[in-house]
Amino acid sequence: MIKVDSLSFVYPTGISALQGLSFSVAVGESVGIIGRNGAGKSTLVNHLNGVLSPSSGTVSIDGMVIDKKNAETVRKKVGLIFQNPDDMLFMPRIIDDIMFGPLNLGMDEHKAYHAAEAVLKEFGILDLAERPPYTLSQGQKRFAALAAVLVMAPSVLVLDEPTSDLDPGNRRKLINHLNRLSLTKVVVSHDLDFVWETCSRVLLLSQGRLVADGPMKQVLSDKTLLESVSLELPLRLQC
């Protein structure tokens, strides 16, 4: 499903954010990407749907190398949830934000409206449909942003720091919902307990390099490895 081959990226400022990353993600796999601030996590996921283009190397989705020509096609396959949901909600009403994607794909307005209603109902926020985004709590915005992506029926879901603005109840709601989804998932998070509950495999980045790739419990239980990149064990493993 996803193949990253010798991916490197240098920002215009000269900062080298990614250095020769290579890995693949299978269909239906749930992969967590962890690392300290500045490790290159967000830069990496912004390559998975063409937001950024590699300085060298390639990123492929379903065997198709992502480039500027096919970026729109790729974005139909890969749904990216930004760290700040305000970056994804810009219409007068939440229902308009959810309908925006389907309408752009050519769905007629009646079908788009019912598709939007269905996904809002699935998240238990149908009562927010007519409200402007600025009146929602951060947690409500998070689920509205997720609904705006899932209504497009992507085959890959990428989430960047999905728990950064969630209270414990909404965090648990998100965990339960993600674990019910059968699509391929890539989760970037500092919340290692969240990664523990939602991912089967973990990629550990440090200074733009891939320093570990293995089963979730194996990587997240390795205190020496985590401390070597200034991370701690998940709270559930701390005495």
Side-chain angles (χ1 to χ4, degrees), residues 1-27 29-84 87-88 149 154-164 184-192 194-195 198-216 218-220 222 224-232:
M1 174 64 73
I2 303 171
K3 183 176 182 181
V4 176
D5 187 13
S6 303
L7 173 64
S8 295
F9 182 77
V10 179
Y11 282 101
T13 57
I15 295 174
S16 179
L18 300 175
Q19 302 182 56
L21 300 187
S22 294
F23 63 89
S24 59
V25 178
V27 175
E29 194 171 16
S30 296
V31 176
I33 299 178
I34 65 172
R36 63 180 297 179
N37 288 340
K41 305 183 300 298
S42 293
T43 301
L44 171 57
V45 297
N46 280 325
H47 280 80
L48 298 184
N49 74 343
V51 173
L52 294 176
S53 298
S55 298
S56 63
T58 59
V59 178
S60 303
I61 303 293
D62 290 344
M64 176 176 57
V65 176
I66 302 174
D67 57 30
K68 292 181 180 178
K69 295 179 181 178
N70 61 28
E72 184 175 346
T73 300
V74 168
R75 288 167 192 162
K76 295 176 184 178
K77 294 175 175 286
V78 182
L80 174 58
I81 311 292
F82 295 119
Q83 181 172 349
N84 184 357
D87 293 337
M88 303 179 64
V149 168
S155 54
V156 179
L157 181 64
V158 181
L159 303 101
D160 191 359
E161 297 294 350
T163 64
S164 61
T184 305
K185 297 181 284 290
V186 177
V187 178
V188 172
S189 184
H190 286 105
D191 184 346
L192 299 190
F194 180 82
V195 173
T198 57
C199 300
S200 59
R201 175 179 161 209
V202 168
L203 307 179
L204 174 59
L205 300 187
S206 179
Q207 297 181 330
R209 298 182 183 276
L210 181 61
V211 297
D213 176 357
M216 176 274 294
Q218 177 181 313
V219 175
L220 295 188
D222 191 331
T224 301
L225 173 64
L226 295 177
E227 289 183 347
S228 72
V229 293
S230 302
L231 297 179
E232 296 182 338

Minimum heavy-atom separation for [X] to [Y], with atom names?
X    : Y    : result
S189 : V195 : CB-CG2, 3.9 Å
E29  : S200 : CG-OG, 4.2 Å
G50  : I66  : CA-CG2, 3.9 Å
S55  : F9   : OG-CA, 3.4 Å
Q19  : R209 : OE1-NH2, 2.8 Å

Counting C-beta onward and ignoring hydrogens, is there a side-chain heavy-atom pair between [X] and [Y] closer than 4.5 Å?
X    : Y    : answer
L44  : F23  : yes
V31  : C199 : no
D5   : S22  : yes
L205 : L21  : yes
M1   : V25  : no

Any chance you could measure [X], atom [atom1], to [Y], atom [atom2], to the nearest 0.5 Å?
X    : Y    : atom1 : atom2 : value
T163 : H190 : OG1   : NE2   : 10.5 Å
I34  : M216 : CD1   : CE    : 11.0 Å
T198 : K185 : OG1   : NZ    : 8.0 Å
S228 : L204 : OG    : CG    : 7.0 Å
L18  : Y11  : CG    : OH    : 7.5 Å

Open item on the list: Please determine whether the number of non-hydrogen atoms from other residues, nucleotides or ligands lying under 6.0 Å from atom CD of E161 exceeds 12.
Closed with: yes

- [ ] Evaluate whether atom CZ of R75 has more than 12 neighbouring non-hydrogen atoms of other residues, nucleotides or ligands under 6.0 angstrom away.
- [x] yes

Task: side-chain contact (heavy atoms from CB on, under 4.5 Å), paired with I81, selected from D160, L157, V158 - done: L157

Task: Donor-acceptor under 3.5 Å (S8 side chain, G20 main chain) - done: yes

